[in-house]
Amino acid sequence: HVVTLEEEWGDQLASNKQLDAAINHYIEAGVLTKAIDAALNSRQWAKAVQLVEDTLTDGDVARPYYRRIARHYQEAKSYQEAERFFVKAGEPEQAVEMYTRANRWDEAHAVAVTYMSESEVGMLYISQAQRMEAAGKLKQAEKLYLKVKEPDLAIKCTRRRGSTTT
């Protein structure tokens with residue numbers, strides 16, 4: 001009966017926007033997903049990380065939480081933390097994309113070759129390079145083409161870059 005009361009009290013606190021106070025009541029009630037949601041919604045990232053890592057053993061249940069935590073760290077420009085949680089979420093390509101947008105090519109490449117197959121890396125880099133070309137970021141596109149051993153595409157890009165500067 002106490003467990004039910006703890007959850008109801010947590011629900012009451014959450015409905016009154018007292019999410020930080022609701023967390024412990026949800027933990028006592030054993031409704032860990034509600035505790036994690038309350039921690040995330042109250043922006044208590046360290047608490048959310050602790051709860052997810054310590055209590056969720058099912059990867060499918062943890063995956064959306066890891067993704068949300070990764071996005072937070074990405075926005076905060078804590079790229080290594082973001083990478084860690086993108087990988088835990090099973091989305092290393094998101095970490096590669098994050099590093100690419102931040103012009104951190106070495107980190108992007110390290111993640112890609114560590115967690116993705118060679119063909120996945122190639123497809124990802126080519127699609128990112130094409131987006132960069134379309135956005136006029138030709139030098140960055142060239143670098144990506146060269147990383148995946150596509151010199152012909154890099155040469156095309158170089159020629160295009162040369163024609164836009166003349």
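For clarity, every value in this text was computed on a predicted model and none was experimentally measured.
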Lys/Arg N to Asp/Glu carboxylate O, [X] vs [Y], below 4.0 Å:
X	Y	answer
Glu97	Arg101	yes
Asp60	Arg63	yes
Lys156	Glu133	no
Arg84	Glu81	yes

Nearest 0.5 Å please: distance from the [atom1] atom of [X] over to the [atom2] atom of [Y].
X	Y	atom1	atom2	answer
Tyr145	Ile155	OH	CD1	12.5 Å
Leu13	His25	CG	NE2	5.0 Å
Leu124	Leu144	CG	CG	8.5 Å
Ile69	Ile36	CD1	CD1	8.0 Å
Glu107	Glu83	CD	CD	8.0 Å
Asn41	Lys17	CG	NZ	9.0 Å

Under 3.5 Å, side chain of Tyr125 to main-chain N/O of His109, donor-acceptor pair present?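 Between the backbone of His109 and the side chain of Tyr125 there is a qualifying donor-acceptor contact (under 3.5 Å).
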
Is it true that a side-chain atom of Tyr26 and a backbone atom of Asp11 form a donor plus acceptor pair closer than 3.5 Å? yes

Could you tell me if the side chain of [Y] sits less than 4.5 Å from the side chain of [X], heavy atoms only?
X	Y	result
Asn16	Gln12	yes
Thr100	Met132	yes
Met123	Ile126	no
Glu93	Glu120	no
Ile23	Leu51	yes
Arg71	Gln94	yes
Val121	Val96	no

Atom NZ of residue position Lys147 - does it have more than 12 heavy atoms of other residues, nucleotides or ligands inside 6.0 Å?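 Enclosed: over 12 neighbouring heavy atoms sit under 6.0 Å from NZ of Lys147.
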
Can you tell me if OH on Tyr115 sees more than 12 non-hydrogen neighbours from other groups inside 6.0 Å?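 Count not over threshold, so no.
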
Measure up the His72 and Trp45 rings against each other and bin them: parallel (under 30°), tilted (30 to 60°), perpendicular (over 60°). parallel

With Gln74 as partner, the option from Phe86, Phe85, Tyr99 fulfilling side-chain contact (heavy atoms from CB on, under 4.5 Å) is Phe86

